[in-house]
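Below is one structure; the comments refer to it alone.
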Amino acid sequence: MLTIKYISDNKELVLAGLAKKGFKNFALVDAALELDATRRNAQAKLDAALAELNQLSKSIGQLMKEGKKEEADVARQRTTEIKESNKELESTMKSAETGLIDILVQIPNLPHASVPQGMRAEDNVVERMGGVIPEMSEEALPHWELAKKYDIIDFELGVKITGAGFPVYKGKGARLQRALIGFFLDNAREAGYLEIQPPYMVNATSGYGTGQLPDKEDQMYHATLDDFYLIPTAEVPVTNIYRDVILNEKDLPIKNTAYSACFRREAGSYGKDVRGLNRLHQFDKVEIVRIDTPEHSYESLKEMVDYVQTLVDKLELPWRILRLCGGDMSFTSAITFDFEVFSAAQKRWLEVSSVSNFESYQANRLKCRYKGESGKPQLCHTLNGSALALPRIVAALLENNQTPEGIRIPKALVPYTGFDMIK
RNA sequence: GGAGAGAUGCUCGAGUGGUUGAUGAGGCACGCCUGGAAAGCGUGUGUACCUCUAAAGGGUACCGCGGGUUCGAAUCCCGCUUUCUCCGCCA
């Protein structure tokens, strides 16, 4: 969340930023500022009262030692009065405090100056493109047909076992999944990322830390008996490693990578675009997470984008990078670059990665700070990106590389699959 | 799941009701010493919020978390979380 200090120092910038993001509830900003004033006022009074209380306590001890019981009793009486009047101050302060946080978590992050204006996907800007879109014959099959033809992914079987959106990968399909995970993790390691294997369930505090809660509560699977959430991305557990942590500036940037299964309810998205692997409730993804100083976070962002580009290049997929417009970015992001690959039989661009700088928005929730030479702890910047999400990569690989003899595996991946064709 | 023992600052480790934000040791930083270093000596070493603000200063809170008792709690009481040991179960 934004800090109340930033909001009160830069109200006009905040309102302009929110407008760019398509956020209309400006009243929340004033409400936050008002609650903050209430809180500060109550705390000032309460602190003064507590100071007097502490003084009285000391004097009572002293008086008792000197045997001046009556004077001590007078002081005791006074403490009772103070404590009585403190009750109201305490409840004022507490309710202002929780009310303020309730409001702040409803205010999204502000977009970076370089984020294009716009509300819809059409307003996103193509940053650059690469790879070659293959010529496809009219008989080219979409990946769900190919999956059936070669018996490598069974969607109906997943329905039987769990439900729609939980496919079963078989044989070379399963091995292709495992190959991609290994390929992505090895590349990340070579690029300097520390591999992490995180829990796939998190508590509510972690969900709040990265901003999934309360904003996207209905997008996560919730194990109510234990109040755990299945992670929608490894970003959640990995970033929460750094919750309530003060890092040393010389240890930055932190570079972590993690494979995890990801679980998303995808409530409300049905129809043609979700066929096959296009949108699943459970899928595999390798994530990269970075934590850096505000001075270096945009360098970090560029490195991450460039790194993801090397992956789609090695996989020989046609790709493009979009700079998302204000209205299309996520709640918590300050800037986001989406990677899309072209899936030649569906003739569609599919999003396979989203690389974002959250600036200090997550860090403020997480209380993730760093300390440099100057001494004072400051909020870090957090960044993350998919590198990469598997299902749509698989969809594009299957569709783009289909031949009459079978499906060709890109050279870079063969050491991981152990086969170069799916026949 | 049952029983018992713990949870204190960067780390270790004192502390069972009264100037204890917290003894001590280690670590770290700075200074002295040195040709340089080590050793030695000295000094310093948390976070958040409020107030004030150029800075300094002052105040409040924090000894796993949340309550309670008391004029006063790291210290007493209750609940929770978590770690360890033993038993049970088990991939």
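Every chain is numbered from 1 and lettered A, B, ... according to where its sequence line falls, protein lines coming before strand lines. The model shown is predicted, which means the values in this text are computed figures rather than measured ones.
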Classify [X] by what it touches in the nucleic acid, base, sugar-phosphate, or nothing, heavy-atom distance under 4.0 Å.
X     : result
A/L50 : sugar-phosphate
A/K69 : nothing
A/A75 : nothing
A/K45 : nothing
A/K83 : sugar-phosphate
A/R76 : base
A/R39 : sugar-phosphate
A/N54 : sugar-phosphate

Please report the distance, rounded to the nearest Å, between [atom1] in [X] and [atom2] in [N].
X      : N     : atom1 : atom2 : answer
A/K58  : B/G18 : NZ    : P     : 14 Å
A/R369 : B/G46 : CZ    : P     : 14 Å
A/Q55  : B/G58 : CD    : C1'   : 13 Å
A/L53  : B/A73 : CG    : C1'   : 14 Å
A/I4   : B/A48 : CD1   : P     : 18 Å
A/R40  : B/U60 : CZ    : P     : 20 Å
A/E52  : B/G58 : CD    : C1'   : 17 Å
A/L56  : B/U19 : CG    : P     : 17 Å

Rounded [atom1] spacing from [N] to [M] in Å:
N     : M     : atom1 : value
B/G26 : B/C33 : C1'   : 23 Å
B/G9  : B/G44 : C1'   : 15 Å
B/C63 : B/A22 : P     : 14 Å
B/C84 : B/C78 : C1'   : 24 Å

So which nucleotide from [options] ends up closest to the side chain of [X]?
X      : options             : value
A/I246 : B/U47, B/U60, B/G67 : B/U47
A/D47  : B/G46, B/C71, B/C50 : B/C50
A/S57  : B/G46, B/G18, B/G67 : B/G18
A/Q43  : B/G59, B/G67, B/C71 : B/G59
A/A44  : B/U47, B/U60, B/U51 : B/U51

### Query
So what is the 5' to 3' dot-bracket string for RNA chain B, if pairs are Watson-Crick or G-U wobble with both distances under 3.5 Å, crossing pairs use [ ] and | means the partner sits on another strand?
((((((((.[[[..)..(.....]]]((((((.......))))))((((((.....)))))).[[[[[..)....]]]]])))))))....
### Query
Between atom CG of A/N364 and atom CD of A/Q362, what is the distance when rounded to the nearest 0.5 Å?
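Rounded to the nearest 0.5 Å, the CG-CD separation comes to 11.0 Å.
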### Query
Taking atom CG of A/L50 and atom CD of A/E90, what is their separation to the nearest 0.5 Å?
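It comes to 7.0 Å.
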### Query
Can you say whether the rings of A/Y307 and A/Y193 are parallel (under 30°), tilted (30 to 60°) or perpendicular (over 60°)?
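Judged by the thresholds at 30° and 60°, the geometry between A/Y307 and A/Y193 is tilted.
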### Query
Does A/Y150 have A/K172 sitting over its ring (NZ/CZ under 6.0 Å from centre, angle to axis within 45°)?
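No, A/K172 does not sit over the ring of A/Y150.
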### Message
Restricting to non-hydrogen atoms, name the atom on A/E287 and the atom on A/S386 that form the minimum distance, rounded to 0.1 Å.
### Response
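Nearest pair, atom of A/E287 first, then A/S386: OE1-CA, 3.5 Å.
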### Query
Can you name the closest pair of heavy atoms from A/S206 and A/R243 and give their distance?
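Heavy atoms of A/S206 and A/R243 come nearest at OG-NH2, 2.9 Å.
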### Query
For A/E295, does the CD atom have more than 12 heavy-atom neighbours from other residues, nucleotides or ligands under 6.0 Å away?
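Above 12, so yes.
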### Query
Would A/K148 and A/E145 pass as an ion pair if we require N to O under 4.0 Å?
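Salt bridge absent between A/K148 and A/E145.
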### Query
Is there a donor in the side chain of A/N54 and an acceptor in the side chain of A/S57, or the other way round, less than 3.5 Å apart?
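No pair is found: no donor N or O on one side chain lies under 3.5 Å from an acceptor on the other.
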### Closest-nucleotide ordering on RNA chain B, the 5'-leading residue of A/D36 and A/T80
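Looking at RNA chain B, the more 5' nearest nucleotide goes with A/D36.
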